[in-house]
Amino acid sequence: MLKKTLIAASAIPLTVLSLTACGSDSSSGDGGGSEGGGSITMGFAQVGAESGWRTANTKSIQESAKAEDVDLKFTDAQGKQENQIQAIRSYIQQKVDVIAFSPVVETGFDAVLQEAKAANIPVILTDRAVKVDDDSLYETFLGSDFVKEGEKAGEWLVQNAKDADRDGDGTINVVQLEGTTGAAPAIDRAEGFADTIGADDSIKVTASQTGDFTRDGGKQVMESFLQSDDSIEVVYAHNDDMGLGAIEAIEAAGLKPGVDVKIITVDAVKDGMQALADGKINFIVECNPLLGPQLMDLAQKVLDGEEVPKRVVTEETTFDQEQAKAALPDRQY
Ligand code: GZL
Ligand code: ZN
């Protein structure tokens, strides 16, 4: 159970006296903590419900809050930044103990984070990063290294370029399905991939467009790519859901996904791993959505006035088709 902490306004500005509310008999400080015992209240502003990854991420946060008896106020922004900003403002008005969110896009959150700071409410970033001038506006960022994820995808392609060159013309024709425009995972996965395939000038990204991390978006963009180019050899999709949409378009065009067109995706959610095991996807870079337990632990530490690292990178791996078959039975998401 996560407990409220009385962070007394200490006379010594450099140290913070933090007492756990449970069993403490100190008078209420006028610092950032809250009165009395009981669990903490967390306001969480989620991106939306755009993908299997997001569903698993939401489940992890809600289940962890329950397990730690955190009073969780949860909103789904349907992918709109203005909704996320509105949700954060409402948490400030409700005087929650801590705010956490996954910024739908990297920029445009400075003002609302300034308001949270002025209200003495700590903010924890999960999953996606923000670009702010003043990084004291958030306590810590818990999430994957998306550039590394893009690099892992590129490394697989460099290692398998020959096999991907279906028409044997010595050039690997790649199309890219980008995530949500402006989102950290979309920007960074593209950067990491481009940096790595740059080592092999036979690999060319001939088209790149956002499918907004959704299955339908991936399908529609892949249909348009296939209409204008019949020599596509590789699809690099920034998440499984867009890769699964691309599979539908590739099959509708009479081609075999995973064979005629190699597919590389990111996430490793169950549906993606099943397609990988079935040979319709060739390689998946894992992006771990199960951030709930670490988020609750970080929130407790922040409210206890403990030092927390500015950046907490999640552990994750990669899967080929054989590894997917072995991993599927135990997959949590
Ligand atoms: C990555 C996360 C991305 C996933 C997508 O951490 O922000 O958003 O890769 C999800 O599936 O929609
Ligand atoms: Zn070729």
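Predicted model, so just to flag it, every value in this text is computed and none were measured. As the structure lists them, so they are numbered: ligands from 1, and atoms in each ligand from 1.
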Worksheet item: Okay, side chain of Asp260, backbone of Lys256: is any donor-acceptor separation there less than 3.5 Å?
Response: yes
Discussion item. Any side-chain to backbone donor/acceptor pair from Asp304 onto Glu306? Under 3.5 Å, distance only.
Written reply: no
Worksheet item: At the Zn ion (ligand 2), what angle lies between atom OE2 of Glu233 and atom O of Thr171, rounded to 10 degrees?
Response: 120°
Worksheet item: So which of Ile281, Asp240, Thr265 actually passes side chain to side chain contact (heavy atoms under 4.5 Å, CB included) with Leu276?
Response: Ile281
Worksheet item: When you check the side-chain N and O atoms of Glu149 and His238, is any donor under 3.5 Å from an acceptor?
Response: no
Discussion item. Do Val261 and Glu233 have side chains that approach each other closer than 4.5 Å (heavy atoms only, starting at C-beta)?
Written reply: no
Worksheet entry | Three-point angle Asp165:OD1, the Zn ion (ligand 2), Asp167:OD1, rounded to the nearest 10° | 80°
Fill in: Residues Thr214 and Asp212: side-chain donor-acceptor under 3.5 angstrom
no
Discussion item. With ring-ring contact (aromatic ring centres under 6.0 Å, His included) as the criterion, how do Phe109 and Phe101 come out once you've worked through the C-alpha distance, each side chain's angles and the decisive distance to 0.1 Å?
Written reply: CA-CA 11 Å; Phe109 285 100; Phe101 76 116; 5.1 Å; yes
Practice prompt. State the atom name: nearest N, O or S atom of Asp169 to the Zn ion (ligand 2).
Written response: OD1
Worksheet item: With hydrogens left out, which residues have an atom under 4.0 Å from ligand 1, given that only heavy atoms count?
Response: Glu50, Ser51, Trp53, Arg54, Asp127, Arg128, Phe146, Pro185, Arg189, Phe213, Asn239, Asp267, Cys287
